[in-house]
Amino acid sequence: MKTVIITGSTSGIGLGIAENFALSGYNVVLNGLGQQDEIEATRARLASLGAGEVIFHGANMLKPDEITDLVKTAEMKFGRVDVIVPNAGIQHVEKIEDFPPEKWDAIIGINLSSAFHLIRAAMPGMKKNGFGRIIAIASAHGLVASPYKSAYVAAKHGILGLIKTVALEGAEFGVTANAICPGYVETPLVTGQIADTAKARNMTEDEVINEVILKAQPTKKFVQVGQIAALASYLASDQAAQITGAALPMDGGWTAQ
Ligand code: NAD
């Protein structure tokens, strides 16, 4: 039975990826912020989906020691870690001259440095086992920029460099490292803003989706969490052994422009 750690899996994309791995029978290590009772309900629900066990570890992605403990805990509990999904992330949108330095530090810490600490802790076990899958959830913003997102775009571009480097280091040990680069994904974080934006701009919700949120996305459709989860499961499989060091867009054509 294989074991996967997904950071930031109490919500959105990470939760969808965790569900898919649970359904496939993996042991799943959940992580993220949230209310304890809600997290326990999620843990129990995922545990009922498949044959594997589901545990939660509350490591704060700003604390390297806690990230190391996340990996150690999974290794102690399940004997090995096969797949890691650095996914936790936050956003802040502001022009650079007003961008709060503490927001820069938090975004670089959570969206980029936490992936370094996670991979650093998991790599020795993966190399020893001769198998590992590192699947970072980057963004279309790992490939192109948008204004007012300096820290996020820098962190997501950084993740791609980290993944390529780790791919080279893991290549002879059966360890692959790839990044998924989603466009706009239909998570509560994004859809929750639609009604407010419609009101603020005096537009219909459809106009907000097409002309504001999905302006850059030629399909004019959100990426679905399940579509990302399916790609993550494929990248974790034996069939994906020769895909490594890749940045795979799933962005409705955004970065083709
Ligand atoms: P989300 O807000 O629904 O989930 C973020 C997760 O990260 C949550 O579980 C949260 O608890 C966790 N998290 C935040 N700070 C943390 C910390 N300090 N320690 C531990 N966990 C922490 O967002 P999402 O949309 O699911 O985003 C997940 C990833 O996908 C992010 O890296 C994001 O940049 C990326 N992404 C999202 C979109 C999108 O449109 N939603 C598009 C491209 C990439």
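What you are looking at is a predicted structure, and each value in this text was computed from that prediction instead of being measured. In listed order, ligands and their atoms are each counted from 1.
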Only pairs at least two apart or in different chains count here, so list each ring-ring contact (aromatic ring centres under 6.0 Å, His included) that has a residue in residues 16-44.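 Every ring-ring contact (aromatic ring centres under 6.0 Å, His included) pair that includes a residue of residues 16-44, provided the two are not neighbours, is Phe21-Tyr26.
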Only counting residues at least two apart or in another chain, list the ones meeting ring-ring contact (aromatic ring centres under 6.0 Å, His included) with His141.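 With sequence neighbours excluded, His141 shows a ring-ring contact (aromatic ring centres under 6.0 Å, His included) to Tyr152, Trp254, given in chain and number order.
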Just jot down the ring-ring contact (aromatic ring centres under 6.0 Å, His included) partners of Phe131, sequence neighbours excluded, or say none.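 For Phe131, no residue satisfies ring-ring contact (aromatic ring centres under 6.0 Å, His included) once neighbours in sequence are set aside.
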Would you kindly say whether Asn31 and Thr7 are connected by a side-chain donor-acceptor distance under 3.5 Å?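 No, no side-chain donor-acceptor pair sits under 3.5 Å.
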In terms of side-chain heavy atoms, does Gln217 have a donor or acceptor partner in Thr219 at a distance below 3.5 Å?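 Distance-only check fails for Gln217 and Thr219.
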What residues come within 4.0 Å of ligand 1, counting heavy atoms only?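 Those residues closer than 4.0 Å to ligand 1 by some heavy atom are Gly8, Ser9, Thr10, Ser11, Gly12, Ile13, Asn31, Gly32, Leu33, Ala59, Asn60, Met61, Asn87, Ala88, Gly89, Ile90, Ile110, Ile137, Ala138, Ser139, Tyr152, Lys156, Pro182, Gly183, Tyr184, Val185, Thr187, Leu189, Val190.
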Run Arg201 and Glu207 through salt bridge (Lys or Arg N to Asp or Glu O under 4.0 Å) and show every step you take. CA-CA 10 Å; Arg201 294 193 180 217; Glu207 283 168 344; over 6 Å; no
